[in-house]
Amino acid sequence: MMGASPGAWLRDLRSEARSRFDAMEWPTAELEDWRRTRLGGIDLSSFVPEAPGDEEARCAGGGEPAASAGFIRFSEGRCAEVSIAARWAELGVCLSGLASVPAERRGAVESLLRAALAGSGDRVAVWHFAELFQGAFLFVPPGLRIEEPFYADFEEGGRFAASQVAVILGEGARATLISHRSGPGGKAILSDARSDFLLEAGSSLRLFELQSLEADSLGFHSVGARLGEGSSFDRLGVDLGGGVSRTRVECALAGRGSDARLDGVYYCGSGQSVDAGAALRHLAPGATSRATYKGAAAGGGNAVFQGLIEVAEGASGTDAFLSNRNLLLGPGARIDSLPTLKIGNDDVRCSHGSATGRLGEEELFYLRSRGFSAAEAKETLVLGFFEDILGRAPDAFREAALEGIRRRLAEAA
Amino acid sequence: MAGHLIIKGLEAGIAGKDILAGVDLEVRAGEIHALMGPNGSGKSTLANVLMGNPAYEVRGGEVLLEGEDFLALDPSERALRGLFLAFQYPVEIPGVTVGKFLKRAIELRSPPGGMSVSAYIKDLRAAMDFMEMDQAFINRYLNQGFSGGEKKRMEVLQMIMLKPSLAILDETDSGLDIDALRLVADGVNRLRGPGFGALVITHYRRILERIVPDFVHVMYKGRIAVSGGKELVETLEAKGYDWIRERYGIEEEANEGSLVST
Ligand SMILES: Nc1ncnc2c1ncn2[C@@H]1O[C@H](COP(=O)(O)OP(=O)(O)OP(=O)(O)O)[C@@H](O)[C@H]1O
Ligand SMILES: [Mg+2]
């Protein structure tokens, strides 16, 4: 606006983040939130970003896959393709790269990301903004209900990738977003990603995020969602990759009667470590939340799930449930489950449950007695373990997640 | 002939405990054998050892199927060679639907690329009708939340679909209502023929009135104590196991006596 170049706000955001970044130290195990992320001896500063610049593909209509509302693809940090179905573009739906956000939406996306930067408390999180050149932006105007999904694909490259998804749903709008972040094999990269969501009153978002980086990479992902009155946020996140994988989902149930459903699946191969975290913050009365996380670790894999339900003083009538189930698949596999409740109000229904176990010998034998090889019996039970969560995802997403788990199980065998 | 099973001097146990103490049994192709015997005598142990349950340790003896050393095979190979075990207590398999599970089990028995999905679905629907099972079961997770009787019907449904050459039914008739009992018997009788033999483990005469066995065996303390024709069922019904206990108990005491004296 006011004659500024389309990417000026993004440049300002980066330089603000850069000065914060320069003043900070790398997180260490002394930082409570990083205590269980196994950074080991990894030198984070060796992942030198190559600024992709703000050249990006402009929206073209008609290139989106069939039965989708729109599609955006990033390759090595660059927005390579954007396409949105004409019928939705005509009604004011916007899907674009960050540097091409139309003037009338710039203020909204800027404040969404500024709030996210302000809430970033460590150097890795701030780093994302210091290197944020490109990302996917989706806006759905009030009252529009779109059933077909939008797709966002990130094929990470380079040494360092700061992928971003930003979604704003107007009042009463409805949308589905399917996002996939993958990395190149044979090359260690650091993916420092973020997804931010602003849901206005009565809006509803179904979100499917799959991370399938290679085992030699580092995958960090922060997810922030702010829920308006009566809005509904339904996320299924699948984390399959990275030598070190760390995900933080921050869900603020800020509006009365809002509803969040957070489902998560993580798989941790031998020598990998996964640190999955989800926080549901009930800030307003009458909101409901359900979080179901399931994980599996191969022998020599190490994972931790940290879940938090926090109920603010004024959030009466809160109804929240957090569940975490884990499977240990081999000797030396370890998964710690750390659910926490912080309740500042008496009028609430909050509970959590967690369990960690191994595959049942009897179940394995049952399948083998029907002709399944030992490896296939194991695979069938592991996939079956995740089925209640993955079964509710769209077919293509579910298949991609299952395929990723299958591949990793075969690698472990 | 397919399904010819020979068990010689089979000794096996679990968790350091000896259970099978030298089982001898031959089931020729197409024969139906009933295996009876008191609780804890080792019937399920025999069934599990034959199927290759790794929880059990085989300590001696041999098992041949069509002359091949069966004990050397993995459970899945035993299954693919035609052995089927209907479990006394079928376990729940969460997240795996009946339809998907059976499709894969049949695919494993078909030549590569040789399975017809439409024929499979047709066969499955027909088999479910035969077993008087609701088609909705196809999309349910295998055995999860099934009633005891439904689990048993599911075992028989699998048997019908997988067409084994030798089936072991471990108390498939226990806990069944009268209709289900008839279905189980009908299921076995439907497969009965030169290419299908069965070892029917049971405590009750009523199933053996419907699946008339060619031979009846009584297991007692890990051995086949008595074998005979179907008239043995009547004898057991009339006399109970005490009669065997007496006969066997005496031999046992004699054995123990001789041990003490050495
Ligand atoms: N895991 C185990 N650990 C120790 N003992 C076991 C174990 N499993 C079975 N047994 C014992 O082995 C013996 C034989 O058991 P099995 O299940 O074969 O008997 P069964 O003849 O099938 O009895 P039923 O008619 O009650 O089904 C029993 O004494 C049982 O308690
Ligand atoms: Mg038994």
Side-chain angles (χ1 to χ4, degrees), chain A residues 236 238 263-267 292-296 323-330 353 355-393 395 398-399 401-403 405-406 409 413, chain B residues 14-15 44 47-56 73-98 100-110 115 139-144 151 154-155 157-159 161-164 167-168 170:
Chain A
L236 165 52
V238 178
D263 282 355
V265 162
Y266 44 91
Y267 178 84
T292 309
Y293 273 71
K294 282 188 156 185
S323 141
N324 179 224
R325 299 267 176 281
N326 297 301
L327 257 188
L328 303 175
L329 299 175
T356 296
R358 294 184 179 271
L359 288 180
E361 293 299 332
E362 286 187 56
E363 288 78 2
L364 285 166
F365 177 60
Y366 188 92
L367 292 175
R368 293 173 74 191
S369 80
R370 299 308 188 236
F372 290 60
S373 69
E376 187 174 354
K378 178 175 172 179
E379 179 193 290
T380 302
L381 292 180
V382 173
L383 299 184
F385 172 72
F386 290 123
E387 182 59 27
D388 57 345
I389 294 185
L390 293 179
R392 61 182 203 89
D395 285 348
R398 177 173 168 276
E399 262 321 305
L402 290 176
E403 192 42 48
I405 298 171
R406 252 185 234 123
L409 282 171
Chain B
I14 189 166
S44 294
N48 276 280
V49 168
L50 291 176
M51 196 72 244
N53 189 336
Y56 295 81
L73 300 178
D74 179 89
S76 62
E77 294 172 306
R78 299 184 196 199
L80 299 181
R81 276 180 176 62
L83 184 67
F84 180 85
L85 170 58
F87 286 87
Q88 184 172 2
Y89 306 108
V91 292
E92 302 189 354
I93 308 289
V96 180
T97 63
V98 167
K100 225 182 115 193
F101 161 75
L102 265 174
K103 176 167 173 275
R104 183 62 185 147
I106 286 168
E107 196 173 47
L108 287 165
R109 287 160 175 79
S110 310
M115 181 185 171
N139 294 318
R140 283 181 64 177
Y141 295 149
L142 182 57
N143 293 331
Q144 198 164 42
K151 285 182 186 168
M154 182 53 64
E155 295 291 288
L157 177 79
Q158 291 178 42
M159 182 182 75
M161 291 295 291
L162 301 180
K163 302 182 179 65
I168 304 169
D170 192 357

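Treat the numbers as computed from the prediction; the structure is a model and nothing was measured. Within every chain, numbering begins at 1; the chains are lettered A, B, ... in the order of the sequence lines, protein sequences first and strands thereafter.
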Contact leader toward chain A among B:Tyr89, B:Phe87, B:Tyr141, where contacts are heavy-atom pairs under 4.5 Å
B:Phe87

Greatest number of non-hydrogen atom pairs under 4.5 angstrom with chain A, of B:Pro94, B:Pro75, B:Ala79, falls to B:Pro75

Give me the ring orientation class for B:Phe101 and A:Phe372: parallel if the planes are under 30° apart, tilted from 30 to 60°, perpendicular past 60°.
parallel

Is B:Leu102 in contact with chain A via its backbone, its side chain, both, or neither, using a 4.5 Å heavy-atom distance?
neither

Please look at B:Asn48 and chain A and tell me whether the side chain, the backbone, both or neither of the residue comes under 4.5 angstrom of a heavy atom of that chain.
both

Interatomic spacing from CZ in B:Arg78 to OG in A:Ser369 - rounded to 0.5 Å:
11.5 Å

For chain B, which of A:Glu376, A:Arg370, A:Glu387, A:Arg368 has the most heavy-atom pairs under 4.5 Å?
A:Arg370

Smallest separation among heavy atoms of A:Tyr366 and B:Val91, with atom names:
CB-CG2, 3.7 Å

Against chain A, label B:Pro164 side chain, backbone, both or neither, depending on which of its atoms sit under 4.5 Å from a heavy atom there.
neither

From the list B:Leu83, B:Leu108, B:Thr97, the residue making the most non-hydrogen contacts under 4.5 Å with chain A is B:Leu108

Select one option (side chain, backbone, both, neither) describing which atoms of A:Glu361 are under 4.5 Å from chain B's heavy atoms.
neither

Answer with side chain, backbone, both or neither: which region of B:Glu92 has an atom nearer than 4.5 Å to a non-hydrogen atom of chain A?
backbone

Report which part of B:Arg81 has an atom under 4.5 Å of a heavy atom belonging to chain A: side chain, backbone, both, or neither.
neither

Top contributor to chain A contacts, counting heavy-atom pairs under 4.5 Å, from B:Gly95, B:Ser76, B:Ala105:
B:Ser76

